[in-house]
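Notes for the one structure printed next.
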Amino acid sequence: MTSDTDPTVAEAACFEAGIKFGTLYHQFAGTPVSPDSAASLERAMEDSIENQPHCADVTVDVMIDELEAELADSAADYTELTGRFLEVEIVVDYEGCEVVTRMAMEDGYPLMRVASVRGR
């Protein structure tokens, strides 16, 4: 039988990072994006997530080459944002514990993972 314990600071920091990623991905998935609007969308995503508690830094890169390849044979000038067009890093600082998380495509899926945990 296991006993209940409070989460560690590192576990709480990782949870906070997961919340930020869930918000980022599900808030913006499906947003119309084009090579011309990618930079402003990156900034909007970063600014939005950085508003959340404990968020120290957010870097969003919309991969323009991937967008252009998607649009090459399309009649439209834009497509919808999905994980395959994004590389993201989110840094959370929770009670002195820094968690770095990243999202990138892996085997056709936008995988979000903890890259490092430092501090308490």
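Sequential numbering from 1 along the given sequence is applied to the chain's residues.
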Exercise. Between Y94 and V9, which heavy-atom pair has the shortest distance, and what is it?
Worked result: O-CG1, 3.5 Å
Exercise. Do the side chains of I64 and M105 join up, straight or via other hydrophobic residues, at under 4.5 Å, putting them in one cluster?
Worked result: no
Exercise. Between atom CG of L41 and atom CG of D36, what is the distance when rounded to the nearest 0.5 Å?
Worked result: 13.0 Å
Seminar exercise, completed: Residues A38 and L67: closest non-hydrogen pair is CB-CD1, 4.3 Å
Problem set entry | Minimum side-chain heavy-atom gap V33-F28 below 4.5 Å | no
Exercise. Side chains of V117 and C97: closer than 4.5 Å at any heavy-atom pair?
Worked result: yes
Please list every donor-acceptor pair under 3.5 Å in which a side-chain atom of residues 44-63 meets a protein atom from a residue at least two apart or in another chain.
| residue | atom | partner | partner atom | Å |
| --- | --- | --- | --- | --- |
| E46 | OE2 | V60 | N | 2.8 |
| E50 | OE2 | V58 | N | 3.2 |
| N51 | ND2 | D47 | O | 3.2 |

For this session: Measure the spacing between CD of E80 and CZ of F85 and express it to the nearest 0.5 Å.
Result: 8.5 Å
Exercise. Can you name the nearest heavy-atom pair linking Y25 to G83, along with the distance?
Worked result: OH-N, 3.2 Å
Exercise. If you take all heavy atoms of V99 and V114, which pair is closest and at what distance?
Worked result: CG1-CG1, 4.1 Å
Exercise. Salt bridge between R102 and E87, side-chain N to carboxylate O under 4.0 Å?
Worked result: no
Exercise. Do you reckon V91 sits in the same ILVMFWY cluster as L86, going by side-chain contacts under 4.5 Å, direct or chained?
Worked result: no
Problem set entry | Shortest non-hydrogen contact from P32 toward S37 | O-OG, 4.4 Å
For this session: Could I get the full list of salt bridge (Lys or Arg N to Asp or Glu O under 4.0 Å) partners for E16, not counting sequence neighbours?
Result: K20
Problem set entry | For the student: nearest non-hydrogen atoms of A17 and V92, plus distance | CA-CG2, 3.7 Å
For this session: Report the C-alpha distance between M103 and R113 in whole Å, list the side-chain angles of each, state the deciding distance to 0.1 Å, and finish with yes or no for side chain to side chain contact (heavy atoms under 4.5 Å, CB included).
Result: CA-CA 6 Å; M103 182 183 82; R113 65 177 53 194; over 6 Å; no
For this session: May I have the step-by-step check of side chain to side chain contact (heavy atoms under 4.5 Å, CB included) for C14 and E11, ending in yes or no?
Result: CA-CA 5 Å; C14 288; E11 289 168 336; 5.7 Å; no
